[in-house]
Amino acid sequence: MNSKVKRERSTNCIASELELLVDLVVRHNKILENKKTDAVTANVKSKTWDILAKAFNSNSLNGFRSEKSLKSKYEHLKKGAASCVITVHIIRALK
């Protein structure tokens with residue numbers, strides 16, 4: 001028998017957590033949205049995500065979130081926002 005290892009899930013994000021995440025990312029936007037990929041920039045980004053995760057977890061009431069899960073959630077939010085913007089542009093172009 002093949003036994004698959006299930007990934008550990010955390011509770012779903014609530015609206016206040018998403019607002020907190022976006023607020024924290026906006027404060028560190030210049031660092032986190034930097035397009036450079038060199039080692040120094042990557043190290044600074046990693047430290048910034050660590051600081052952001054600590055701030056998030058100290059203010060959140062819905063459980064612990066790792067920096068990896070926060071980064072993933074933020075990337076997912078960005079993709080969703082981008083697709084909404086593209087949809088709006090397409091709709092406007094069709095009118």
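Every heavy atom of this structure was used, including side-chain atoms; hydrogens, water molecules and symmetry mates were not. We're numbering straight along the sequence, starting at 1.
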Looking only at side-chain N and O atoms, does Ser60 offer a donor or acceptor that is under 3.5 Å from a partner on Asn57?
no
Are any non-hydrogen side-chain atoms of Ser66 and Lys71 less than 4.5 angstrom apart?
no
Pair Lys68-Trp49, side chain to side chain contact (heavy atoms under 4.5 Å, CB included): steps then yes or no:
CA-CA 8 Å; Lys68 181 180 176 182; Trp49 276 110; over 6 Å; no
So, taking the atom named CG in Leu77 and the one named SG in Cys13, what distance separates them when rounded to the nearest 0.5 Å?
8.0 Å
Would a 4.5 Å heavy-atom cut-off, applied to side chains only, mark Lys45 and Thr41 as touching?
yes
Exactly one of Leu18, Leu52, Leu21 clears side chain to side chain contact (heavy atoms under 4.5 Å, CB included) with Tyr74, and that residue is Leu21
Tell me, with the steps shown, if Ile51 and Lys54 meet side chain to side chain contact (heavy atoms under 4.5 Å, CB included).
CA-CA 5 Å; Ile51 292 167; Lys54 287 177 184 175; 5.8 Å; no
Please report the interatomic distance CG(Asn59) to CD(Glu17), rounded to the nearest 0.5 Å.
11.0 Å
Should we say atom NZ of Lys78 is surrounded by more than 12 heavy atoms from elsewhere, each under 6.0 Å from it?
yes
With rounding to the nearest 0.5 Å, note down the distance linking OG1 in Thr48 to NE2 in His28.
7.0 Å
When Leu24 is tested against each of Leu20, Val26, Val22 for side chain to side chain contact (heavy atoms under 4.5 Å, CB included), which residue passes?
Leu20
How many angstroms lie between atom NZ of Lys73 and atom CD of Glu75, to the nearest 0.5 angstrom?
12.5 Å
Does the pair Asn43 and Lys47 meet the rule for a side chain to side chain contact (heavy atoms under 4.5 Å, CB included), with working shown?
CA-CA 6 Å; Asn43 191 20; Lys47 287 180 181 179; 3.7 Å; yes
